[in-house]
Amino acid sequence: MSMISGSIGDVSMTRNRKSDGGERRKYEMDQGWSYAVALASFVTHALMATLYFGYSVLTPAWKAEFQTTSGMTSLVGSAASGFSSGLAPVASYLSNRFDHRTTHMIGGVIASLGIFLCSFATNLEQIFVFYGFFGGLGIGICYLPAVMIVRDYFRRRYAIVIGLASSGIGVGSCVFPLIIEHLERSYGWRGTMLVLSAVMANMCVSAAALFPNPVIVTSSAAAEVNGNFLSSEQFQAKKSTEDEVDLNEGGECVKVKKTFKELSMKTFRNPYFQLGIMSNFTNFFCMMLVIGLTPMRSQFEFGMSPEQGALLAAAIGFSNMIARFLWGAVCTANKNIDPLKLYLLLRVLTSFVTFGSIFGESFNIQLVCCVLLGAGFGSWSLYPIYIPNMFDPEIVDVVFGYLEIPNGVGCLIGPFVGGFIYDITGSFAWSLVLAGSVLLLGTVFLYIGSNCLDRRVKKRVVTIASI
């Protein structure tokens with residue numbers, strides 16, 4: 001905290017000084033106010049866990065009060081995750097129309113209000129609307145600015161900082177299930193919603209720190225992409241569809257901002273975007289199915305207490321928190337490590353742990369499985385590192401927004417399908433088999449597809465070099 005408070009005094013407000021990569025920023029990168037932004041992003045991720053993972057503790061109470069099936073209750077709980085991702089293009093549009101700070105503030109107000117209204121719900125449909133739609137929309141609008149703005153403040157330390165910031169969701173998923181379980185026992189689920197709405201209002205506090213950090217491109221030699229390097233030939237091939245630029249009076253290159261529609265069309269035509277759709281859907285289908293059903297499985301299938309179910313959910317969150325930071329630190333420490341290949345390896349291992357968790361019936365074995373699963377799902381911190389390497393810088397924000405849609409579909413469908421299979425079979429085993437299989441299939445698809453596209457890029461590099 002001393003590093004941040006000591007830097008806030010001068011705020012690094014130096015204008016027009018060059019930072020690494022041939023860019024100049026309003027705020028210096030990798031220092032000063034950059035760390036306040038990193039902290040705000042961390043807090044945002046932690047608060048998101050309130051809706052992402054806290055609902056799994058509340059589903060038994062909802063099922064008991066409204067007399068519904070496991071599938072329908074899980075659908076309501078996962079709706080927040082689904083809508084937060086599925087409506088992410090709204091955040092892309094608002095960020096393009098305004099800025100990250102304003103967009104984040106809007107999302108914080110919507111999320112807090114949605115959770116507040118949920119406490120007055122009289123049926124499951126109203127919970128779906130308030131908790132699922134409005135709560136999900138709010139945190140979805142907050143998420144994109146909190147991730148994207150980190151790229152505007154960090155270059156050399158981007159990988160480790162984004163890993164640290166995204167580990168906030170691990171902290172939240174570790175802490176909030178226990179807090180929510182305690183609140184639910186003390187005040188009931190309605191009182192819990194009132195408390196959580198006040199907690200969620202702190203999204204607006206985080207938003208206040210996200211000042212824009214505009215850039216003017218002064219050199220075409222900026223070949224570093226978020227801490228991972230491209231050769232000059234690869235960079236030129238990657239920029240073959242170059243941004244439209246103009247010259248100011250000083251002879252400097254200045255980007256001409258394209259419309260959101262133009263950026264969207266460029267995104268849809270990119271073949272890497274198609275890979276991302278399949279990859280993200282399968283990842284979140286598995287992750288949310290496993291996380292969403294873990295507390296219910298512990299109680300309904302193994303006869304464990306609600307406290308043990310909350311501990312299992314917290315174990316996933318704790319290991320997820322550590323792993324998100326760890327994988328980012330690994331990529332920072334060794335630039336030779338390919339973030340995409342590491343991500344693929346971790347997905348394969350996670351799918352096999354999912355299969356293995358079927359055979360563990362004791363609390364201790366399930367605890368070990370949850371720790372390993374949390375570490376595997378923590379590989380998502382590599383996503384903001386490898387994705388910018390696949391796309392032109394001008395469309396990265398738009399790409400992140402649209403790729404949140406398959407995330408949302410996976411979040412929405414995964415727990416519902418898992419709960420539906422349990423209602424039919426009376427066992428969670430087949431749900432876990434499906435989750436592990438879907439994750440493994442998506443991993444194979446991403447590996448084969450990315451290799452094929454990389455070979456095409458290399459051929460294009462050779463062609464350009466020979467001209």
Side-chain angles (χ1 to χ4, degrees), residues 45 48-56 71 74-89 91 132-133 135-137 139-140 142-144 146-147 166 169-170 172-173 273-294 313 316-317 319-320 323-324 327 340 343-344 346-351 353-354 370 373-384 386-387 399-421 431-446:
H45 281 83
M48 286 170 58
T50 305
L51 271 75
Y52 274 162
F53 304 107
Y55 80 86
S56 62
S74 297
L75 178 62
V76 171
S78 63
S81 302
F83 284 122
S84 69
S85 298
L87 297 174
F133 179 76
L137 174 62
I139 63 173
C142 291
Y143 171 71
L144 191 67
V147 173
S166 65
I169 202 166
S173 61
F273 179 72
Q274 316 305 325
L275 283 180
I277 292 175
M278 175 63 73
S279 172
N280 289 15
F281 169 77
T282 54
N283 182 76
F284 276 82
F285 180 94
C286 174
M287 181 170 66
M288 298 311 296
L289 188 156
V290 171
I291 293 175
L293 298 187
T294 291
I316 295 177
S319 60
N320 187 275
R324 282 175 178 253
W327 305 138
L340 177 58
Y343 175 67
L344 292 170
L346 292 171
R347 280 180 57 133
V348 171
L349 296 177
T350 304
S351 64
V353 174
T354 303
C370 286
L373 287 169
F377 293 138
S379 63
W380 189 246
S381 65
L382 298 171
Y383 174 73
Y386 76 78
I387 280 292
V399 167
F400 269 102
Y402 281 116
L403 284 183
E404 284 293 307
I405 295 178
N407 296 358
V409 176
C411 290
L412 195 63
I413 295 178
F416 172 73
V417 171
F420 181 74
I421 293 176
S431 299
L432 294 175
V433 168
L434 177 63
S437 301
V438 168
L439 182 63
L440 190 59
L441 178 64
T443 305
V444 172
F445 182 85
L446 179 58

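Counting from 1, the numbers follow the sequence of the chain as shown. When reading the values below, keep in mind they use all heavy atoms of this one structure, side chains included, and skip hydrogens, waters and symmetry mates.
- Proximity of L373 to T354: side-chain heavy atoms (C-beta onward) are separated by under 4.5 Å at one or more points.
- Residues L344 and V348 fail the side-chain proximity criterion, which asks for heavy atoms closer than 4.5 Å.
- The structure places CG of L441 at 11.5 Å from CG of L446, a figure rounded to the nearest 0.5 Å.
- Checked by atom type and distance alone, the side chain of S437 pairs as donor or acceptor with a backbone atom of V433 at under 3.5 Å.
- Of all heavy-atom pairs between A49 and G172, the closest is CB-C, 3.3 Å.
- Summarising the geometry, atom CZ belonging to F445 is positioned 8.5 Å from atom CD belonging to Q274; distances are rounded to the nearest 0.5 Å.
- Here the straight-line distance linking atom CG of N407 with atom OG of S84 works out to 8.5 Å at 0.5 Å rounding.
- Taking the side chain as every heavy atom from C-beta outward, T350 and T443 never approach each other to under 4.5 Å.
- For the pair I277/F281, no side-chain contact is recorded, criterion being any heavy-atom separation below 4.5 Å from C-beta on.
- Note that the CG atom of N280 and the OH atom of Y383 stand 4.0 Å from one another [nearest 0.5 Å].
- In this structure, S319 and C370 approach most closely via the heavy-atom pair OG-O, 3.7 Å.
- Across G419 and L293, no two heavy atoms sit closer than the pair N-CD1, 3.8 Å.
- Remark: the backbone N or O of I169 is not paired with any side-chain donor or acceptor of R324 at under 3.5 angstrom.
- Taking CE of M48 as the reference point, atom SG of C142 lies at 8.5 Å (rounded to 0.5 Å).
- Between C286 and V438 there is no side-chain heavy-atom pair separated by less than 4.5 Å.
- Across all non-hydrogen atoms, the minimal contact from A88 to L144 is O-CD2, 4.3 Å.
- Taking the six-membered ring where tryptophan is involved, the planes of Y386 and Y343 are tilted, since the angle between them lies from 30° to 60°.
- Residues G378 and W327 approach most closely at O-CD1, 3.4 Å, considering heavy atoms.
- Aromatic ring centres of F284 and W380: separated by under 6.0 Å.
- T294 contributes atom OG1, which lies 7.5 Å from atom CG of L432 (distance to the nearest 0.5 angstrom).
- The heavy-atom pair separating S351 from L439 by the smallest distance is N-CD2, 3.7 Å.
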